[in-house]
Student: 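Mind looking over this structure? Questions follow.
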Amino acid sequence: MCKAEVTEPPENPPFRVSDLCRLMEAYLPPDQVREIYGAYLFGAEAHDGQVRQSGEAYISHPVAVAGILAEMQLDKATLEAALLHDVIEDTECNKARITELFGAQVAELVDGVSKLKHIKTADEEASGANSKAELKAASLQKMLMAMIQDVRVILVKLADRLHNMRTLGAKKPGSRRRIGRETLEIYAPIATRLGMGKIALELENLSFAALHPWRSRVIIHHLQKNRERQREKAETILTSLRTRLAEAEIEAEVLFRDKHLYRVYSRIRDKHIGFKKHQRQNIGVRIIVDKPDTCYRVLGIVHSLYQPKPGRFKDYIAIPKTNYYQSLHTDVLSAIEGINDIAVQIRTEDMHQFAEYGITSYSLYRSCGEENSSPRHAGNWFRNLRDMQRSAGSPLEFVENVKRDLFPDEVYVLTPKGEIIELPRNATVVDFAYTVHSDVGQRLIAARIDGELVSLDTVLRTGQRVEAITANWASPKIEWLDFVVSGRARGHIRNFLKNLQREKAVNLGQRILDRELNRYGWSVESLSEAQRNALLSTFKFKQLGDLLADIGLGNHLAYAVARQLVDDSDAADKDLQSQDGGAENAPPSAKKPLIIKGTEGMLISLAKCCHPIPGDAIRGHVSPGKGIVVHRQACPNATRHQQATENWLELRWEEQVDARFPVEIGIELHNQMGALATISAALANLEINIEHVNTSQKDGINTVLWLVIQVQNRIHLATIMRHLRRLKAVTRIVRR
Ligand code: MN
């Protein structure tokens, strides 16, 4: 987060359209100013008769919003859109009319900031709830998607929000808090993400004051007193810095940095420290120079003058923040009584401009720039947003992911080639893989950190070298959702599971139902239209696929569904009689076994007690919501269950299964240093992923190492066990 100079709480002298014209005339040609004025006249007429809560005519608000954008010297379309930004939402005028009068570009911008009045994709929210929260989330989603097309949408929205925050006083305390919270959670971080430090800072301070009026008054009071108290000492520090820089013949601007309400509050809150302790004894200094090289020279001078605090130096020039903020940061110890730390920021004038104005500091959006493109640096974030949008289950989920993404507390790791990858705090190996490339994530099986094999949920730390190991047969696991933190990874995994689940549930459901129907000489394919409809109405489904999916998921028993058909159908009665009269009571073993692949995702789960793998003799039972739970025939748990559950299925593995499955093996070892390392190295050589490790002491000499590893089938397992048996440390090896 960048620290910009303090923005004093605005006094709000009424900002008039003449003020706006004066601002525009300073940088736009007269004919453009005239056209923008046309948008003002149109807006004034459309909003005629509407009044703000403060009592002013409504049009004063769009004028002020345009004013904020004109101060940033933005182009004509942006200013026109600002003047018209509430027209679609609040007046009779529609998008077509705006297109006609002001062109498609302006119309798209205005439409982008307009809230949805109802959610259009109602099929997703079948419950039909359309709650306020959902509507709000859907509106935000729409706006962010429009922003990806044209970043000016968000510039208008941020200016809109800023003016609303400045004039929040007219609202009731309840809505002040609600708007303040939303601004702090969404809009201020978006401004930060786009590098617009100045707007972000003002939004944060205004939101904080709206949320916590009393706390904010106390902190402001302390900050003012503190500033007076420190002034003299700060001057001494600035003077010594200036003198030293002049001696080195470096031209630099050395400034005292003011503290900001919300940033001070966050620091006090996060570090659980008192205001006095934190604030009294440190000051902030900013040094602005001509070019990046000079920044590093200045850093050397600062460090020779004051002792640097260890671990407090950050080089955001070499590794800019996500929002491309650049600066050198260092904390040094002051030699002056009463002041402990000096937090120093060193940057060039260009970096400073960018820290204040972000994407709007590019000439692209200043005055008459190119249209409809997003600045390169925002592209990365926009790509993430698009991924999240594609994979989110609902607008609410999308907004959650966006929020998560907007609060990056970054970690930097390296790829084997030395490329720097930036990740959010608590990111794991899986997040890393998805950030490198979605394909790497989808095919991830194992990883090395600084050469050591680690499990996939390992949390990464800055500076580590991470290598993702992939295999073509691999696919994302539902467990990953428990620990991934990036919206991107979460989105890809969810998307994968969603498709997989539906498709495989239908497929499995059909196989299970076919197996039941076979007993009556039927199949799902051969059902008549009337039979299908009867089934759907009995079980209250719209289409056959939904019913099959539910069977696949274990929510409906195929047996019951088949019985229903039989009961409903006269023809079925005859068929029944022609069989031996009791087919529906036949024991399960009379049925043909169901063929499984084990890769049906969530629909088939392999029991953890016996870890069945292809080649094993297996059986299973249906568990609601879990699908079929597969055990080995010999599993004692399964035998115990069998008496209790009537619902056992005979299962068989498909001949060729191209996937890996967990299996547990016990390795008895001489108590020998490094035995585990030897074994994990051997397994790594065989490209075997270790899922879980446990040890138990057998006696004084021998230890048993229990490993859950991933194998293809019994033959594969046998090969691995043979390899391990050859190791000197290993005395015995068994499958559990
Ligand atoms: Mn507005």
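For clarity, every value in this text was computed on a predicted model and none was experimentally measured.
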Student: Look at the aromatic rings of H61 and H85 and report parallel, tilted or perpendicular, splitting at 30° and 60°.
Tutor: perpendicular
Student: Among V63, T91, D86, find the residue that satisfies the side chain to side chain contact (heavy atoms under 4.5 Å, CB included) test when tested with Y58.
Tutor: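 Exactly one pass, corresponding to D86.
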Student: How long is the span from the CZ atom in R488 to the CG atom in L423, to the nearest 0.5 Å?
Tutor: 11.0 Å
Student: When you look at S114 and D111, which way does the side chain to side chain donor-acceptor pair (under 3.5 Å) test go after all the steps?
Tutor: CA-CA 5 Å; S114 299; D111 187 52; 5.0 Å; no
Student: Can any side-chain N or O of Y27 pair as donor or acceptor with the backbone N or O of L74 at less than 3.5 Å?
Tutor: yes
Student: So, taking the atom named CD in E100 and the one named CZ in R97, what distance separates them when rounded to the nearest 0.5 Å?
Tutor: 5.0 Å
Student: Would you say the side chain of Q442 lies within less than 4.5 Å of the side chain of S475, judging by non-hydrogen atoms?
Tutor: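 The answer is no, as the side chains (C-beta and beyond) never meet within the 4.5 Å cut-off.
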Student: With no hydrogens and no angle check, is any side-chain donor or acceptor of T99 less than 3.5 Å from a backbone partner on G103?
Tutor: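 Not a single qualifying donor-acceptor pair exists.
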Student: By the definition side chain to side chain contact (heavy atoms under 4.5 Å, CB included), identify the one residue from V440, I493, V484 that meets it with Y434.
Tutor: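 When side chain to side chain contact (heavy atoms under 4.5 Å, CB included) is applied between Y434 and each of V440, I493, V484, only I493 qualifies.
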Student: Y265 vs F208 aromatic rings, parallel, tilted or perpendicular, using cut-offs 30° and 60°?
Tutor: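 Correct class here is tilted.
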Student: Any chance you could measure L69, atom CG, to M24, atom CE, to the nearest 0.5 Å?
Tutor: 11.5 Å
Student: Is E253 paired with R286 through a side-chain N to carboxylate O contact shorter than 4.0 Å?
Tutor: no
Student: Ion pair present between E108 and K95, side-chain N to carboxylate O less than 4.0 angstrom?
Tutor: yes
Student: Does K477 NZ have over 12 foreign heavy atoms under 6.0 Å away?
Tutor: yes
Student: Can you find a pair of side-chain heavy atoms, one from L23 and one from F15, that are under 4.5 Å apart?
Tutor: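 Counting from C-beta outward, L23 and F15 do come under 4.5 Å.
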Student: Between L162, L184, T192, I186, which is the residue that forms a side chain to side chain contact (heavy atoms under 4.5 Å, CB included) with L203?
Tutor: L162
Student: In Å and rounded to the nearest 0.5 Å, what is the CZ to CG distance from R16 to D19?
Tutor: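 Between atom CZ of R16 and atom CG of D19 there are 7.5 Å.
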Student: Can you name the closest pair of heavy atoms from E56 and V51 and give their distance?
Tutor: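 It is O-CG1, 3.3 Å.
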Student: In plain terms, say whether D75 and R152 are close enough for a salt bridge, that is, a side-chain N and a carboxylate O under 4.0 Å apart.
Tutor: yes
Student: Can you see which heavy atom on A66 is nearest to which on L79, and at what distance?
Tutor: O-CD2, 3.5 Å
Student: Any non-hydrogen side-chain atom of I68 less than 4.5 Å from a side-chain atom of D160?
Tutor: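 Sidechains of D160 and I68: no contact.
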Student: For residues L481 and R494, determine if any side-chain heavy atom of one lies less than 4.5 Å from a side-chain heavy atom of the other.
Tutor: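 Contact flag for L481/R494 side chains = yes.
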Student: Can you check side chain to side chain contact (heavy atoms under 4.5 Å, CB included) on V153 and V113, steps first, answer last?
Tutor: CA-CA 6 Å; V153 167; V113 295; 3.9 Å; yes
Student: Are I317 and M351 packed together at the side-chain level, in the sense that at least one heavy-atom pair is separated by less than 4.5 angstrom?
Tutor: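 A side-chain contact exists here, since the closest heavy-atom pair is under 4.5 Å.
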Student: Of all the heavy-atom pairs spanning V485 and A427, show the shortest one and how long it is.
Tutor: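 Closest pair (atom of V485, atom of A427, distance): CG2-CA, 3.4 Å.
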Student: For E80, is there an ion pair with K76 - N to carboxylate O distance below 4.0 angstrom?
Tutor: yes
Student: Quick check for you: to the nearest 0.5 Å, what is the distance between T360 atom OG1 and I199 atom CD1?
Tutor: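 T360 atom OG1 to I199 atom CD1 measures 7.0 Å (nearest 0.5 Å).
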Student: Would you mind reporting whether R166 and E202 have side-chain heavy atoms less than 4.5 Å apart?
Tutor: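 The answer is yes; the side chains approach within 4.5 Å.
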Student: Just do the side chain to side chain contact (heavy atoms under 4.5 Å, CB included) check on I346 and S327 with the steps written out, would you?
Tutor: CA-CA 6 Å; I346 307 163; S327 259; over 6 Å; no
Student: Flag the pair E25 and R22 as a salt bridge only when some basic side-chain nitrogen lies within less than 4.0 angstrom of an acidic carboxylate oxygen.
Tutor: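 The answer is no: the pair does not qualify as a salt bridge.
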Student: Could you check whether any side-chain N or O of D315 sits under 3.5 Å from a backbone N or O of L328, counting only pairs where one atom can act as donor and the other as acceptor?
Tutor: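 No: the side chain of D315 does not pair with the backbone of L328.
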Student: Nearest 0.5 Å please: distance from the CG atom of L84 over to the CZ atom of F42.
Tutor: 7.0 Å
Student: Is it the case that the side chain of D431 and the backbone of T428 share a donor-acceptor pair, with hydrogens and angles ignored and the cut-off at 3.5 Å?
Tutor: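 Yes; judged by distance alone, with no hydrogens or angles, the pair exists.
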Student: Determine the minimum heavy-atom distance between I59 and L83, stating which atoms define it.
Tutor: CD1-O, 4.5 Å
Student: Testing the basics here: between R176 and G169, what is the closest heavy-atom pair and its distance to 0.1 Å?
Tutor: NH1-O, 3.4 Å
Student: With side chain to side chain contact (heavy atoms under 4.5 Å, CB included) as the criterion, how do F398 and L140 come out once you've worked through the C-alpha distance, each side chain's angles and the decisive distance to 0.1 Å?
Tutor: CA-CA 9 Å; F398 170 77; L140 188 60; 6.0 Å; no
Student: Do other residues, nucleotides or ligands put more than 12 heavy atoms under 6.0 Å from R52 CZ?
Tutor: yes
Student: Decide, yes or no, whether a salt bridge links R34 with D31 under the criterion of side-chain N to carboxylate O below 4.0 Å.
Tutor: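 So R34 does not pair with D31 through a salt bridge.
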Student: Is any side-chain heavy atom of V289 closer than 4.5 Å to a side-chain heavy atom of C295?
Tutor: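 V289 reaches C295 side chain to side chain.
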Student: Run the side chain to side chain contact (heavy atoms under 4.5 Å, CB included) check on V436 and I421 step by step: do they pass?
Tutor: CA-CA 7 Å; V436 171; I421 301 282; 4.2 Å; yes
Student: With under 30° as parallel and over 60° as perpendicular, where do the rings of Y325 and H329 fit, or are they tilted in between?
Tutor: perpendicular
Student: One pair to check against side chain to side chain donor-acceptor pair (under 3.5 Å): R161 and T183. What are the steps and the verdict?
Tutor: CA-CA 8 Å; R161 184 49 68 113; T183 305; 2.9 Å; yes
Student: Can you list every ring pair (Phe, Tyr, Trp, His ring centres under 6.0 Å) pair that touches residues 170-206, not counting sequence neighbours?
Tutor: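 Residue pairs with at least one partner in residues 170-206: there are none.
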Student: Return yes if some donor-acceptor pair links the side-chain N/O of H212 with the main-chain N/O of W214 below 3.5 Å, else return no.
Tutor: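 Side chain of H212 to backbone of W214: no pair is present.
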Student: With sequence neighbours left out, write down each residue that passes side-chain hydrogen bond (donor to acceptor under 3.5 Å, both in side chains) with H47, or none if nothing qualifies.
Tutor: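 H47 satisfies side-chain hydrogen bond (donor to acceptor under 3.5 Å, both in side chains) with Q50 only.
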Student: Return the minimal non-hydrogen interatomic distance between G284 and F256, and the atom names on each side.
Tutor: O-CD1, 3.5 Å
Student: Are any of the side-chain heavy atoms of Q326 and K321 separated by less than 4.5 Å?
Tutor: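 Of all side-chain heavy-atom pairs linking K321 with Q326, none is under 4.5 Å.
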